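Just so we're clear, the structure is a prediction, and the values are computed from it rather than from any experiment. Letters A, B, ... mirror the listed sequences (proteins, then strands); counts begin at 1.
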Number of protein chains: 4
Amino acid sequence: MKVYRLAEAKGLDALEAAQVDDAPLGARDVRVEMRAWSLNYRDLGIPAGGYPRNDKLQRDPPLVPLSDGAGEVLEVGAEVSRFKPGDRVATCFFQDWDGGEVGEAGMRSALGGGIDGVLAERVVLGENGLVHLPSHLSLEQGACLPCAAVTAWQALTRGPLTAGDAILTLGTGGVSVFALQLAKAHGARVLITSSSDAKLERARALGADDTINYRTHPAWETRARELTGGTGVDNVMEVGGAGTLEKSLASTRIGGTVSLIGVLTGPGAPNPSTLLALFNRITIRGIYVGSRAMFEAMNRALEVNRIEPVIDRSFAFEELGEIRAAYEYLRSGAHFGKVVIARS
Amino acid sequence: MKVYRLAEAKGLDALEAAQVDDAPLGARDVRVEMRAWSLNYRDLGIPAGGYPRNDKLQRDPPLVPLSDGAGEVLEVGAEVSRFKPGDRVATCFFQDWDGGEVGEAGMRSALGGGIDGVLAERVVLGENGLVHLPSHLSLEQGACLPCAAVTAWQALTRGPLTAGDAILTLGTGGVSVFALQLAKAHGARVLITSSSDAKLERARALGADDTINYRTHPAWETRARELTGGTGVDNVMEVGGAGTLEKSLASTRIGGTVSLIGVLTGPGAPNPSTLLALFNRITIRGIYVGSRAMFEAMNRALEVNRIEPVIDRSFAFEELGEIRAAYEYLRSGAHFGKVVIARS
Amino acid sequence: MKVYRLAEAKGLDALEAAQVDDAPLGARDVRVEMRAWSLNYRDLGIPAGGYPRNDKLQRDPPLVPLSDGAGEVLEVGAEVSRFKPGDRVATCFFQDWDGGEVGEAGMRSALGGGIDGVLAERVVLGENGLVHLPSHLSLEQGACLPCAAVTAWQALTRGPLTAGDAILTLGTGGVSVFALQLAKAHGARVLITSSSDAKLERARALGADDTINYRTHPAWETRARELTGGTGVDNVMEVGGAGTLEKSLASTRIGGTVSLIGVLTGPGAPNPSTLLALFNRITIRGIYVGSRAMFEAMNRALEVNRIEPVIDRSFAFEELGEIRAAYEYLRSGAHFGKVVIARS
Amino acid sequence: MKVYRLAEAKGLDALEAAQVDDAPLGARDVRVEMRAWSLNYRDLGIPAGGYPRNDKLQRDPPLVPLSDGAGEVLEVGAEVSRFKPGDRVATCFFQDWDGGEVGEAGMRSALGGGIDGVLAERVVLGENGLVHLPSHLSLEQGACLPCAAVTAWQALTRGPLTAGDAILTLGTGGVSVFALQLAKAHGARVLITSSSDAKLERARALGADDTINYRTHPAWETRARELTGGTGVDNVMEVGGAGTLEKSLASTRIGGTVSLIGVLTGPGAPNPSTLLALFNRITIRGIYVGSRAMFEAMNRALEVNRIEPVIDRSFAFEELGEIRAAYEYLRSGAHFGKVVIARS
């Protein structure tokens, strides 16, 4: 079967196609015929030797990339109880985090990071590393969920979230658009930023209550406070890192939360006044995707509220050039929502 | 000015109209010109000597009835900072429960129970005993909120509530219809019961996902489990008391919650097997309206989600006979949503 | 090897000794040489056909009894990572509840109830069904923990618990004495009831702040309120069921919790006024032992605070008559703390 | 009566004594004869124009300094219900934060910051700005509680805290020593750092389980992990700010908490890798003293557990030179626990 892998830690040039034998199937394993995948910002850093995180969480190459995929169950091991052939499934970002608290071993079990990912025609995963897809979603849509949607879900629901809360989400990438959709499903008020009025228009069509063009309003934190009557927002989906953290803190109400999700602007050194902002009783929560239980709870919410992931563009699995084009398109930042790879 | 009061504890016959002087205004007080009121089940028990609750929470007659009202601010005391003349306000059920935990004093401060209520042309209340109305609501709509809507809000949000949760609400009275609307605003799945297909049809129009006619399905708890794939619901809005508690427990998932709100069917003795159901790790939470902070949070949710209270019928404030008719109509159970009294 | 089992559902007379072959060892299994066991009230009901709970949670006979035991690891399967030969371990009450939420399958996995228990010379359990013993405990002490101590731990810590909280624990059986010790370790104030002044004296020696002889003070709920300045306690360890629930509710502060742990007095019908008490914003939480994660957290607490289980009396494993005597002694209610069975 | 005040924002030299009339007593006010005070690090920054925090939280001079004091009630206003003459009381850091969430107004109500403090012979405060002292404490001991002890209490109890948790507290100043005492009262394991073996010895005498001399072990974060079996601690009492935050994060377990309490080492710029540590699902909580409800809950804990504040040294209220000496002594860092000012 065909598989893609990063042969060396020297960037996307090291991505190559290969033919390998199918893996053996253990008693608690599930073999999945993969049909679709999606890319995340994390996937841009991994070819170069690591997303800027704790290095120990990424294995040395060669490495099969990508955490996110969906497909159909081909066969199941003798002790598998949760799946049967024909089931439509998506992969769990962490293969070893069912629910409750996660430990060191769970943190090392990220697909396409600590262990091989899923950019292959068929994969074998433990039954605890998969979830059933909501019935109203296509496989391409299902492939969008494992990293970005679960991240947004955890960032929104780890603390209390009630209808009427003001949620600020930065930009219109995968996590931000899911955060918009999921926050609206909870009856929250959503403020969203972008440098593009066209993207803000799309956000509004998806339900965003307030849009802020950060080119037009470089002091977007001031704008966020104004829009909330001077109070500040309840929770910020902070995907930017050092370059935006100070403004995110300044956008947040006394006692509010900044959900630290990503470091798109690079790790960098936070501004010296960053710490002072915390005296407003603000909580910064480090969010790193989530457990299988969170994924399943989110799927229930998607199903009840008929939410569909927003796919910006889909690239063909069969050609190495297409795969590279998908990565490059994500890197360009031109997308709104998710970038997908699919088998024809 | 005109005021209604219960002269003795011998039922609705003791309700009479009177002319009294306006109360003096203290430094932290607000005088409100009342425009609309609403009735709650509790108001049916009070004329007869008490809603079947801890007696000490109800004062001896004469007593001005009703906790729920809305109007316009006429004047404010010298130290009042939250209101100004002309503001549209609603009354807080508890006059002395701002937020956080409530104590004995707070529990005794219920309008129309522990202290005089608001069925009068003008009332004087402390500024902590009022909230601003959401801007999209009329005064009649605002008068529906203090008891029933805040009760439903607390029952839904006191524990964690996320989109996709299954909420079971019993009947189509004031609390149940608010619970339906607020649960839908949070992206939950709502199951609702009634003995009337017509009322269930109206519930469906308000967003109910599943309806159960408990005449057709006397084993409605079994139906609730079936509808949730055998799992049971996450939270039951239990308004019935001893007559329904056992079925409510049987409808609830392992680890779920029954929010005990009322005892419409009378206190009675729960079935002997009631306690056993708790071994499914079920929590029964006693819910008794809520704090001013909850009311304000709910109003924010109503505003963001443009939710309007459902008024079944409105009676005229001016005539004692109309007031009595309003009480009788509520007692008949024919209503769907709220029964209102309004000044013309 | 020797094993005890209940041959039929007709009481303790059906308990018999047998010789059986050792079970095979799966890849994720652990074989344990058992050295000590302890009895719980639940074990008194099971021989007669079921502890008064949801029947489906108990398997038909023949059934090896007992959930609680401790011993040494003899051998481990190829994929076991958490244990090695020689490790000192205790059994988990639920074999299939690691952490987070529990479902139907987990609820059916109780040793000596839904599946065979551990009253045997050697047992084979999955590695997720065992915990390491705290280093300062003997195997007999360790055998006291799985049901009673984990139950007390969950009842105390499932909601917020802070130093200074008032905890009321009923009687001096296994759960109550653990609750006393664990609550004191959290800096709480402990009130404890008994019909025996001698037992109350022992409770005081273990740290109880206030003791109530319920013979001398039949209105022990009034006494509990007096002792807390009229406020009521924060959390009641309710082991009695219908016979004590009303008084437990009356002992509880506004907004407090009753942890419903057992039905020692029989299921029965709660008093009609039981429901009314809930309007004091009281929460009744059904507590049914707990997860492996809770067991491990508790063991950490036992170790840091050098807490030792209180063993009342120990019976010999080798003789069927001794086993029966242990059951009878527990039934007599003469004990303080735990009744143990041990190999010589 | 005598009062001390900061005449200008130019450091301790601007501290002067004055004679002023007693303030009038409002209907909800309490007049207190002050007997003792204590200093906090915050008090060192305020004379120079502000503790390095959000400036708007500090009023312009002249300003009476200090938030922490204790004394006896002299007289109460007509509507005061919680106090009577003769009661022993301590001041609340925030005069306008009863419980629940705090807002902008509450944040501006800090004694000796946003409003005049209490370094005077007599003060008049609203009844919501005072608490009763635990009966086992002297007035000097009671004066130690308002800022440092409530801060430590909130830092420990805002998230879940259970016996056996590992708490790391930095240094041996007021907050750290209270954190040590309160964490031990909750059955936690306490790790504490200092540059002085003598101070570490005193900490051990107060119950510290593990001590780390950060001169001997500059990599104290590595030592903290070793001491917790490689896991890391559950909660860090972070009083240092930019100079220690990175090490505090590295000391914390996956999913743990850093309670950001102070910026003793100056605000500064956190290390670039600070953000990355958050991907271990770490929460940073900004802690800023606490509410009156927290203070009262803590007092209950102090009373049940007979905890006494540790007073390092006491200075005389009567002499300006002594007051200045108290400030200088605190600044020297030679103290262990609290620095007190008292009337003879």
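- With values rounded to the nearest 0.5 angstrom, R285(C) atom CZ is found 9.5 Å from R281(B) atom CZ.
- Atoms CG and CE, from N280(C) and M107(B) in turn, are 4.5 Å apart once rounded to the nearest 0.5 Å.
- Interatomic distance, OH of Y288(C) versus CD1 of I254(B), reported as 11.0 Å (0.5 Å rounding).
- For chain B, the nearby parts of V102(C) are the backbone and the side chain; heavy atoms of each come within less than 4.5 Å.
- The closest side-chain heavy-atom distance from I284(C) to T283(B) is not below 4.5 Å.
- Classification of R253(C) and E104(B) as a salt-bridged pair fails, no side-chain N sitting under 4.0 Å from a carboxylate O.
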